[in-house]
Amino acid sequence: MTLAFCGTENNSAAYKVNHGVLNNGCFVDALNVVPHVFLLFITFPILFIGWGSQSSKVHIHHSTWLHFPGHNLRWILTFILLFVLVCEIAEGIVSDGFSDSRHLHLYMPPGMAFLAAITSIVYYHNIETSNFPKLLIALLFYWTLAFITKTIKFVKFCDNKIGPPQLRFCLTGLLVLLYGMLLLVEINVIRVRRYVFFKKPKEVKPPEDLQDLGVRFLQPFVNLLSKGTYWWMNTFIRTAHKKPIDLKAIGKLPIAMRALTNYMLLNEAFKTQKNTDTPNPQGSKSIWCALCHAFGRPLVLSSTFRILADVLGFAGPLCVSGIVHHTKILGVFFISSQEFLANAYVLAVLLFFALLLQRTFLQASYYVAIETGINLRGAIQTKIYNKIMRLSTSNMSMGEMTSGQICNLVAIDTNQLMWFFFLCPNLWAMPVQIIVGVLLLYYLLGISALIGAAVIIVLAPVQYFVATKLSQAQRSTLEYSNERLKKTNELLRGIKLLKLYAWEHIFHSSVEETRQKEMTSLRAFALYTSISIFMNAAIPIAAVLITFIVHAHVFKNADFSPSVAFASLSLFHILVTPLFLLSNSLGETHKIGTTLFVNRKRPTREDWNNYNSPIRRPVKVTEAEDYFKMSHEITFIIVGQLTMIVGQVGCGKSSLLLGILGEMQKVSGNVTWNSKPEPPSLTHSVSVGSVAYASQKPWLLNATVEENITFESPFNKQRYNAVIDACSLQPDIDILPHGDQTQIGERGINLSGGQRQRISVARALYQQTNVVFLDDPFSALDIHLSDHLMQEGILNMLRDDKRTVVLVTHKLQYLPHADWIIAMKDGTIQREGTLKDIQKSETELFEHWKTLMNRQDQELEKASVLDRKTLQSTVYSREALLQDDEEDEDETPESDDEDNLSSVFHQRAKMPWRACGKYLSSAGFLLLPLLVLSQLLKHSVMVSTDFWLAHWTWSAIFTGFPESFDHSYYSKIFTILCGLGIILCLITSIAVEWTGLKVAKKLHCLLLNKIILAPMRFFETTPLGSILNRFSADCNTIDQHIPATLECLSRSTLLCLSALAVISYVTPMFLIALVPLAVICYFIQKYFRVASRDLQQLDDSTQLPLLSHFSETVEGLTTIRAFRYESRFKQKLLEYTDANNIASLFLTAANRWLEVRMEYIGACVVLIAAVTSITDSLSHKLSSGLVGLGLTYALMVSNYLNWMVRNLADMELQLGAVKRFNSLIKTEAEKYEGLLSPAQIPQNWPDQGEIQIQNLCVRYDSTLKPVLKHVNAHISPGQKIGICGRTGSGKSSFSLAFFRMVDTFEGRIIIDGIDIAKLPLQTLRSRLSIILQDPILFSGTIRFNLDPEKKCSDSMLWEALEIAQLKHVVKALPGGLDASITEGGENFSQGQRQLFCLARAFVRKTSIFIMDEATASIDMATENILQKVVMTAFADRTVVTIAHRVHTILNADMVIVMKRGVILEYDKPEILLEQEGSVFASFVQADK
């Protein structure tokens, strides 16, 4: 076959120019090549010369990126141009036909034009990235020449009467239009940028974002091709494979996507809404309108993309129908569009382009919707935070709004709103898809199609019903899950108490009971999920079955060829997806609608009077009834003086402070902050008008010790060291793993109560504010620390600086230092004045105080200052002691964590197969085979069904007489196969969900059992948040996510494998092309999985600080507002929100990156399958039925390929939860079994209370030093023993040894003749009583808190409350013993909580009673009463008291003084006091 530009036929008119050279078609085509050759010759040297210098510049300095005017339009026009040129090439090839020679002029010019168009856009992109517009002059010439030459060709067609019926005429007209528009775009760039033909070119700066090299999220700034294919992500994903992605790698958010920008946008929309609506618009309607006003535009764009994608989706079935139907090749010079589309190869190429475009539009729609959702989420979170900042604290304390509710609002509801925005385009596009689908089915099948479509549409309400039921089941599961988490949280927070009281089983059964309710809900959830999965799979089978049976038997003359059958099959698959998603989306919309607008209205807190006054100084309180009353108008808190507030537990001291700060709900009266000129010494004050406030319950940030103390203030080393010294924090800092750089997270959980308190006070001391409020700062401190803090901190640092100090305290010995005293009683001010005033006017009260202070008269009257030298020596000796005694317990786990972290990076590219095996093996030996077999059988049956359909339709047309063809035999087998397929769909969906349920139940049960029996050391070294995460996030993953992912993964994998197998069977040639595609696919998924996992973890890990910041703010609201730090905390929130949003955006972009590539590979599969099928069909090797089958399955591959990889990545991430579960399940339990059987232990043991301690050595762990060394003691029955010693001397370890809470590695303790090491732990701990230093109360009734075992009568409970001085308090409550206690006992004061804990211990009538610094939070008067009660009510019991205040054990029978784990002194107190050089005597002296 010869080859020539114009052909070589003898009779060819190609070379004749009789009628003028322009009337020769071949010459005109040759002329059309000139512009393209010009462009290629001009641009290639520029590209290659500039490539080396510019390309590196592009990657490093993206500050040069600048889009020229008409950037997007140019890209769109170029894409359309390329498509039209491909059509022109195809038209040339098809019209050339099978002649003796090839006419190159029909397809070579468009081929050159195609190359030139690609070159033009590459050239433009490089010019744009290097910001050198002068070089665009080459493109101006090119578009001009191309436009002129194409116009000449078009005009000549018109002259020669070639019109619209010929396809070539239409294509030429289109090209004239496109070249003309591109020329206009080029002229517009000159007009705007003035780079040529103007004297002064216009200088344009790139966007601010691009000048910041920290911005690495480039989606808004890259060109259209990179936007559509996420090409800019390539470098990022490649880098992720080499090193883990962190926050530094993902950089900052572009300005337009930052939370602040979107918050302002939303606020603007709300304001506009308010102006257009009523003055106070209420209800969800106005909120929706504001949301749509702020974020509606991108949603419209997303919906447009979605509708375009859905319409293009129908090209698949139509092209399949055409390819199967037409196998003709035409050979004429001019062809019509109908003749052009009758070519099977043309249809294959068009199908390929349609798929590429459809997938690009679909991913663009997803991306725009999710990006909008993320922006909205950031705006809503910021709005919620601003609302929290204005919340009244009474909302919190009265339980109206809990920290948990707020976290749910932020973590769950805002995410649901984000996903609703993602679903919105689906809701609008799906009706269009359904209508077009039904119309096309009608076009192919006639009336029978409507019957099939009716089946789908009739079952849609059922799907909606299932979706709403699923949503309800999920909501009830969430409620039970929250309840279970609340109980688990309480269990873990109070684990020490539960173990000491042997109450683990009570709380274990309580959690298990809630878990059972949750499992019932989960069963419903699993059932509806399996029905939903089943319906999604079974409906298309049923619809196809009914349609084809009706079509074959009722309409006998109708066309039932493979082209009709397989096109209809593809359409049914397309049609069922929108209906399924529509029902789900409506269910989701309903759910989101209900959750979003719950609890919208919250009363905001009272604003201060003089809110904006420059300086708020002395305070005037008038009849302020903030849940407490003041008997008369008072004026107090004088500038630069120390005011002390004293009174019994629960008399309203803290409430008075909160009332002054404006934190209480005011009933009447007012609080006035008077302004006064600034004293000269404080002109450098950092935050004018703020109050340094240390609350009674210490509030710490999730930050380092240093950050907690400086609290956002500038670091001043001298002042910092002075504060550390005043609060005696240096010894504590020395024993922390990283000194003052140690992170103290989770409410300062890795610190003792005293340490938390001192850091909280240190924060108040460090701030250079004019007013300082300290709420009971001494409650958790021993006498030495208290004295040192009072002297060095409050007196020397604050009062000497002339600062206004308000101090709430129970330590009456400090009253002589007060400039003004306020005595409170039952919510009213009993008396106020100086100590001398009160001594004169209230002699009785003064005498009462004097007794409590346990001081000599003259000391009080002299108001002597503590001897500083003695004090310093005691502090320094304590410091030395601490350095010797305290072990660095946190070092070991710290280094372990680092090791774990490094090993995690080595494992990044591997699938956690072991966790997968553990998960599946937990399902048991019955469910697992059922699961595997049912899945394999289902897919085998489905493939068989489609093969049978191909055989049936081919047989129907092969006979040549479709009217007389007997369909009954084929339809019977088709019905059986479809029925079997539907049954297997049901079995697989149920098997997967039931497997998930069984595993979830088993793993939670195992974990709870292990955790509750774990030794105390485990809880001390494992962060509480880490354990709680296993029970919350990980448990939720195992309960709800893994089963769904497992089902989706197995389905998409088996569908892809079966599709590839069918295509390979139909056309074996396909296998050759499959190898490179499989290699590409493997590398894409390999790189994606690593990046996706890192980004998913980053998304989760950036959400934790955000949620933590919310809960921190809620807990420290009073402190933040007192300090006037709202703006700083809001700024922090914006940083956390942006960090979370950038991770989410990168994750979305990575998902789109994968999906676009997988979809393109899918499109290649379709193209290759189509071309090979057509070739085989033309050579009569292949039936049209099998061609249809192969193409239908090829279309499925493109749908399911990315699902397979996405689900694989999700599965890998979710199996991490199973892995973490397993690591905790391996925790070793305490040795609960004893050597003695229950029969060998006397029923009333211990009845005497005699304790013998023989050579006792105790340590916290086998890797640590002993904390008690060779301790010997004998305690007679009924003796009252006092134990004292400095911090770290081993007092608490001594008390824990009785309960075997610590490792006794030598010696023994014998109680009433029985060695406690031989007893079962449950028995031992249930027969002793202890009161801990930290008061722990559980949510529930007072009755439950006193007696969870329900063993005592009401009279016994009232007696215990009376002993604990609480009877009058409980009697006053509604419900009495059944009055409720909120979580952590927040509705009672710290002192009252401690008294409840005392009452709880009194209820247990045990003969041995241990008090571990149990009266630290109680005022002296109450403490004195308690001491007397203990001595009388427990006259016959053995009482061991560990004391902070040494005077409380002066009445003890015996006193033990401890130092460094050794008993230093052991004798009667009176004997020790008389001994010269007695340590005990020095303690008593210091306590006075």
Side-chain angles (χ1 to χ4, degrees), residues 82-83 85-98 102 106-107 110-111 114 312-313 315-331 335 339-359 562-563 566-567 569-570 946 950 954 1056 1059-1081 1157-1199 1201:
L82 288 168
F83 177 71
L85 288 169
V86 169
C87 291
E88 196 179 12
I89 294 166
E91 190 270 347
I93 293 168
V94 172
S95 62
D96 199 12
F98 287 120
R102 285 272 176 260
L106 292 176
Y107 44 87
F114 186 81
L312 279 165
L318 293 175
C319 288
V320 168
S321 172
I323 290 167
V324 177
H325 193 64
H326 304 296
T327 50
K328 287 179 280 185
I329 295 288
L330 293 153
I335 57 170
E339 289 166 325
F340 179 67
L341 292 174
N343 186 292
Y345 285 110
V346 168
L347 286 174
V349 174
L350 284 176
L351 173 58
F352 174 68
F353 279 113
L355 280 173
L356 288 185
L357 205 55
Q358 188 232 348
R359 302 309 186 189
S563 61
F566 285 102
L569 193 62
S570 297
D946 292 335
W954 173 246
C1056 280
L1060 294 171
V1062 167
I1063 301 164
S1064 305
Y1065 170 77
V1066 171
T1067 52
M1069 285 290 288
F1070 173 75
L1071 285 168
I1072 299 165
L1074 184 62
V1075 175
L1077 286 178
V1079 171
I1080 294 167
C1081 212
R1157 275 146 192 75
M1158 286 299 171
E1159 303 281 22
Y1160 289 177
I1161 287 173
C1164 291
V1165 169
V1166 173
L1167 179 66
I1168 296 161
V1171 170
T1172 51
S1173 302
I1174 294 161
T1175 310
D1176 281 358
S1177 179
L1178 286 171
S1179 56
H1180 304 293
K1181 288 179 188 171
L1182 202 61
S1183 72
S1184 57
L1186 287 177
V1187 173
L1189 178 71
L1191 288 178
T1192 307
Y1193 270 85
L1195 283 172
M1196 268 170 43
V1197 171
S1198 67
N1199 279 329
L1201 206 54

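Residues take their numbers from the sequence shown, with the count starting at 1. Just so you know, these numbers come straight off a predicted model, no measurement behind them.
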Requested in this report: Provide the closest heavy-atom pair for Leu1077 versus Cys1164 in the form atom of the first, atom of the second, distance.
Outcome: CD2-CB, 4.1 Å

Query - side chain to side chain contact (heavy atoms under 4.5 Å, CB included) between Val1187 and Ile1174, worked out - result: CA-CA 7 Å; Val1187 173; Ile1174 294 161; 5.6 Å; no

Requested in this report: Start with the C-alpha gap between Phe352 and Val1166, add the side-chain angles, then the distance that decides, and say whether side chain to side chain contact (heavy atoms under 4.5 Å, CB included) holds.
Outcome: CA-CA 7 Å; Phe352 174 68; Val1166 173; over 6 Å; no

Query raised in the report: Does Ala1169 offer a backbone N or O that forms a donor-acceptor pair with the side chain of Thr1172 under 3.5 Å?
Result: yes

**Report entry** Rounded distance (nearest 0.5 Å) linking atom CD1 of Ile1063 with atom CE of Met1069
**Finding:** 15.0 Å

Query - Ile89 versus Pro110, closest heavy-atom pair with distance - result: CG1-CB, 3.7 Å

**Report entry** Val1165 vs Phe1070 side-chain heavy atoms within contact, under 4.5 Å
**Finding:** yes

Requested in this report: Could you check if a side-chain atom of Phe353 sits within less than 4.5 angstrom of a side-chain atom of Leu312, using non-hydrogen atoms only?
Outcome: no

Query raised in the report: How many angstroms lie between CG in Leu351 and CD in Gln358, if you round to the nearest 0.5 Å?
Result: 10.0 Å

Query raised in the report: About how many Å separate CG of Leu347 and SG of Cys319, when rounded to the nearest 0.5 Å?
Result: 5.5 Å

Query - Atom of Ala348, atom of Leu1167 and distance for their closest heavy-atom approach - result: O-CD1, 3.7 Å

Requested in this report: Measure across Ala1059 and Tyr1193 and return the closest heavy-atom pair with its distance rounded to 0.1 Å.
Outcome: CA-CD2, 3.4 Å

Query - Spatial distance of atom CZ (Phe83) from atom CG (Leu356) [nearest 0.5 Å] - result: 11.0 Å

Query raised in the report: Does the side chain to side chain contact (heavy atoms under 4.5 Å, CB included) test come out yes or no for Ile93 and Tyr345, once each step is laid out?
Result: CA-CA 11 Å; Ile93 293 168; Tyr345 285 110; over 6 Å; no

Report task. Could you pull out the closest heavy-atom pair between Ala354 and Ala315, with the gap in Å? Result -> CB-CB, 3.6 Å

Query raised in the report: Do you know which of Leu1189, Thr1192, Leu1186, Thr1067 makes side chain to side chain contact (heavy atoms under 4.5 Å, CB included) with Val1062?
Result: Leu1189

Requested in this report: Decide yes or no on side chain to side chain contact (heavy atoms under 4.5 Å, CB included) for Tyr1160 and Leu355, but give the supporting numbers first.
Outcome: CA-CA 8 Å; Tyr1160 289 177; Leu355 280 173; over 6 Å; no

